[in-house]
Amino acid sequence: MGVAPVVYGQSSHRPPRGDYSRAASDYTCTQNYAAYTEADHATWRQLYARQSALLAGRASRDFIACLPQLGASERIPHFEEVNARLRPATGWELVGVPGLIPEVDFFRLLSQRRFPVTDWIRTPQELDYIVEPDIFHDLFGHVPLLFHPVLADYMQAYGAGGLKAAELGATELLARLYWYTIEFGLIREHDGLKAYGAGILSSASELAYSVSSPTPLRLPLALERTMRTRYRIDDFQQTYFVIDDLQQLLDFASADFAPLYARLATQPSIEAGTLLPGEVAVPTRPAH
Ligand code: HBI
Ligand code: FE
C-alpha cells in the first residue's frame, strides 16, 4: 500500500488553534498549508473515507452529486485549488479563519459570497466528536453545497439577512434558522428523508440517527416555528426541520423578516423535542 507512517506529537507545528493574531481585521487568515503534518492529512483521509461510506441513502442527492467537486479525498485540500472550481461554478470563494468568528463578521463574509473555513484539523482523539467547527466540518459539511446554485444563493441571502438581524437585535432568532437549515436540515426525497445540513453530514453518528432514528421529532420547516425553537449544541438534535426542496429555502429568505422578529419578540421560545398541540410529525419513510 505504501502509506506514509503517521507521526503524531507535532502539534506545535500545526496551524495553531485559536490564534487570532494571525487574522486580518475581517478575521480571515491565509491557509498555512505547509504547517499540516502527515498526521493531519491522515486524519483528513480517515474522516473523508469514513463519512463518504455513510452517505448513500442518508445524504441528499444534491450533496452526493456535488461532493466530488471538493476534489480531495486523500489530503487536506488547498483552499485556492477548491476556489479555482468554486468561483466559476457559483461565484463563492473560501477564505481561511482561525476558528469561530464574531457573528456579524461571519454574516458579512457570507453576504460577500466568501465562506469562512477553519484552517486547522481535529486531533485523532477528536475523530468522533468535536465541539467547534474544524476544517473537516467546514469543507466536507458545507462546501459541496456551495457548488449548488440554489444553496449558494441562500447562503448569501442568509448573510445579508444576518446583517439586518444584527441591527434589529434579532440575531438569536436568525441563528436558529441557520442551525435548523444549513447545519441540521433534512430534506424529503422520494425514498425517505435525507440530510443536507453540514453538522449532520460531517458527523459519523448523527447522520444515520437524523434520518432514521424513531427518537427525534421531525417537523416541516416553517419560519416562525423554527425561529422559536431552541437547539442543543452538545448532543444529537431533538428536533429536525424538513424541507421539500432547496428552492424552499430561497423562497422564504426573500421575505422581510422585520415584522416576524417583532411578532416573535412577544412569544416564548419552544424547547427542542416539543410537539405542540395540532402539530404532526414528519415520518422518516413515505407512507404507502
Ligand atoms: N464562525 N468560523 C465560523 N463558523 C461558523 O459557522 C460561525 C462563526 N461565527 C458565528 C456563527 N457561526 C453563528 O453565530 C451562526 O449561527 C450564525
Ligand atoms: Fe457549520
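Residues: numbered from 1 along the sequence shown.
Under the 3.5 Å distance criterion, with hydrogens and angles disregarded, a donor-acceptor pair is assigned to the side chains of Asp19 and Ser21. Residues Thr118 and Asp138 bring a donor and an acceptor atom of their side chains to less than 3.5 Å of each other. A side-chain donor from one of Glu206 and Tyr240 sits under 3.5 Å from a side-chain acceptor of the other. A donor-acceptor pair shorter than 3.5 Å can be found between the side chains of His142 and Glu183. No hydrogens or angles considered: a donor-acceptor pair under 3.5 Å links the side chains of Ser269 and Arg176. Between Gln247 and Tyr154, the side chains place no donor N or O within less than 3.5 Å of an acceptor N or O (distance only, hydrogens not considered).
Residue pairs that meet the salt bridge (Lys or Arg N to Asp or Glu O under 4.0 Å) test with at least one member in residues 238-259, sequence neighbours left out, are Arg188-Asp244. Pairs engaging residues 204-232 under the ring-ring contact (aromatic ring centres under 6.0 Å, His included) rule: Trp179-Tyr231, Tyr209-Phe236 [sequence neighbours left out].
Of all heavy-atom pairs between Ala166 and Val104, the closest is CB-CG2, 3.8 Å. Leu109 and Pro116 make their closest contact through CD1-CB, 4.0 Å (heavy atoms, listed as atom of the first residue, atom of the second, distance). Among all heavy-atom pairs drawn from Ala195 and Ile200, the shortest one is CB-CG2, 3.9 Å. For the residue pair Leu260 and Glu224, the shortest heavy atom distance occurs at CD1-OE1, 3.5 Å. Closest approach of Leu163 to Ser111, counting heavy atoms only: CD1-OG, 3.7 Å. Minimum interatomic distance between Gly141 and Phe63 (heavy atoms only, all atoms of both residues): O-CE1, 3.8 Å.
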Inset, instruction - In sequence, state the C-alpha distance, the side-chain angles, and the governing distance for Gln51 and Leu201, and then conclude on side chain to side chain contact (heavy atoms under 4.5 Å, CB included). - result: CA-CA 8 Å; Gln51 211 58 27; Leu201 290 163; 5.8 Å; no

Inset, instruction - List the steps and the verdict of side chain to side chain contact (heavy atoms under 4.5 Å, CB included) for Phe136 and Thr43. - result: CA-CA 9 Å; Phe136 182 74; Thr43 298; over 6 Å; no

Legend entry - CA sep, side-chain torsions, deciding dist, call: Arg17, Glu126, salt bridge (Lys or Arg N to Asp or Glu O under 4.0 Å): CA-CA 14 Å; Arg17 215 182 260 212; Glu126 296 166 307; 2.8 Å; yes

Legend entry - Intermediate values then yes/no, salt bridge (Lys or Arg N to Asp or Glu O under 4.0 Å), Arg230 and Glu172: CA-CA 10 Å; Arg230 293 182 196 276; Glu172 190 182 344; 5.0 Å; no

Legend entry - side chain to side chain contact (heavy atoms under 4.5 Å, CB included) between Leu249 and Ile243, worked out: CA-CA 8 Å; Leu249 295 175; Ile243 59 173; 4.0 Å; yes

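Taking the side chain as every heavy atom from C-beta outward, Arg114 and Gln156 never approach each other to under 4.5 Å. At a threshold of 4.5 Å between non-hydrogen side-chain atoms, the residues Val242 and Leu219 do not count as touching. Side-chain contact check for Asp153 versus Arg113: some heavy-atom pair is nearer than 4.5 Å. Between Leu223 and Met227 there is a side-chain heavy-atom pair separated by less than 4.5 Å. When side chains are defined from C-beta on, Ile130 does not count as touching Thr123, because their heavy atoms never get closer than 4.5 Å. Two residues are said to be in side-chain contact when any heavy atoms from C-beta on lie closer than 4.5 Å; Phe107 and Thr171 meet this criterion. With contacts defined as side-chain heavy-atom distances shorter than 4.5 Å, the pair Tyr48/Glu74 does not qualify. The side-chain heavy atoms of Phe115 and Met155, taken from C-beta on, include a pair separated by under 4.5 Å.
For the atom pair CG (Asn83) and CG (Leu94), the distance works out to 4.5 Å, reported to the nearest 0.5 Å. Rounding to the nearest 0.5 angstrom, the gap separating the CG atom in Leu47 from the OG atom in Ser73 is 13.0 Å. Taken from CD1 in Ile187 to CG in Leu193, the straight-line distance is 10.0 Å, to the nearest 0.5 Å. Note: Leu186 CG to Gln237 CD = 10.0 Å, rounded to the nearest 0.5 Å. Rounding to the nearest 0.5 Å gives a distance of 16.0 Å between OH of Tyr196 and CD1 of Ile64. For the atom pair CG of Leu70 and CD of Glu81, the computed distance is 9.5 Å after rounding to the nearest 0.5 Å.
Using the six-membered ring where Trp is involved, His41 and Tyr33 have ring planes that are tilted, between 30° and 60° apart.
Listed for the Thr28 side chain is no donor-acceptor partner under 3.5 Å among the backbone atoms of Val95. The backbone N or O of Leu86 lies less than 3.5 Å from no partner atom in the side chain of Trp92, so there is not a single donor-acceptor pair. Side-chain N or O atoms of Trp120 include one that pairs as donor or acceptor with a backbone N or O of Pro98 at under 3.5 Å. With hydrogens and angles disregarded, a donor-acceptor distance shorter than 3.5 Å links the side chain of Ser202 to the backbone of Ala198. Judged by distance alone, the side chain of Asp105 and the main-chain N or O of Asp26 form no donor-acceptor pair under 3.5 Å. At least one donor-acceptor pair under 3.5 Å links the side chain of Gln31 to the backbone N or O of Pro77. For Gln69 (side chain) and Pro144 (main-chain N/O), no donor-acceptor pair under 3.5 Å exists by modelled atom type. The main-chain N or O of Gly199 is never found under 3.5 Å from a side-chain atom of Ser203 such that the two would form a donor-acceptor pair. Remark: side-chain polar atoms of His148 are paired, donor with acceptor, to backbone N or O of Val150 under 3.5 angstrom. At least one donor-acceptor pair closer than 3.5 Å links the side chain of Arg228 to the backbone N or O of Pro268.
Note: the hydrophobic cluster containing Ile135 does not contain Tyr129 (ILVMFWY, side chain heavy atoms under 4.5 Å, direct or indirect links). Put simply, Ile233 and Ile270 are part of two different groups of oily side chains (I, L, V, M, F, W, Y) that touch within less than 4.5 Å, one to the next. Both Leu221 and Val282 are assigned to one and the same hydrophobic cluster, defined by single-linkage of ILVMFWY side chains at heavy-atom distances under 4.5 Å. Cluster membership for Leu110 and Leu168, using ILVMFWY side-chain heavy atoms within less than 4.5 angstrom, is shared.
When the side chain to side chain donor-acceptor pair (under 3.5 Å) test is applied to Thr229, the partners found at least two apart in sequence or on another chain are Arg225.
A salt bridge is defined here as a Lys NZ or Arg NE, NH1 or NH2 lying under 4.0 Å from an Asp or Glu carboxylate O, and Glu271 with Arg232 fails to meet this definition. Salt bridge present: Asp128 and Arg50 bring a charged side-chain N and a carboxylate O closer than 4.0 Å. Salt-bridge formation is not detected for the pair Arg285/Asp191: no Lys NZ or Arg NE/NH1/NH2 atom is positioned less than 4.0 Å from an Asp or Glu carboxylate oxygen.
Counted within 6.0 Å of CG on Leu276, heavy atoms from surrounding residues, nucleotides or ligands total more than 12; the atom is thus considered enclosed.
The side-chain hydrogen bond (donor to acceptor under 3.5 Å, both in side chains) test with Arg22 is passed by exactly one of Asp119, Thr30, Asn32: Asp119. For the ring pair (Phe, Tyr, Trp, His ring centres under 6.0 Å) with Tyr178, the lone residue among Phe241, Tyr158, Phe184 that qualifies is Tyr158.
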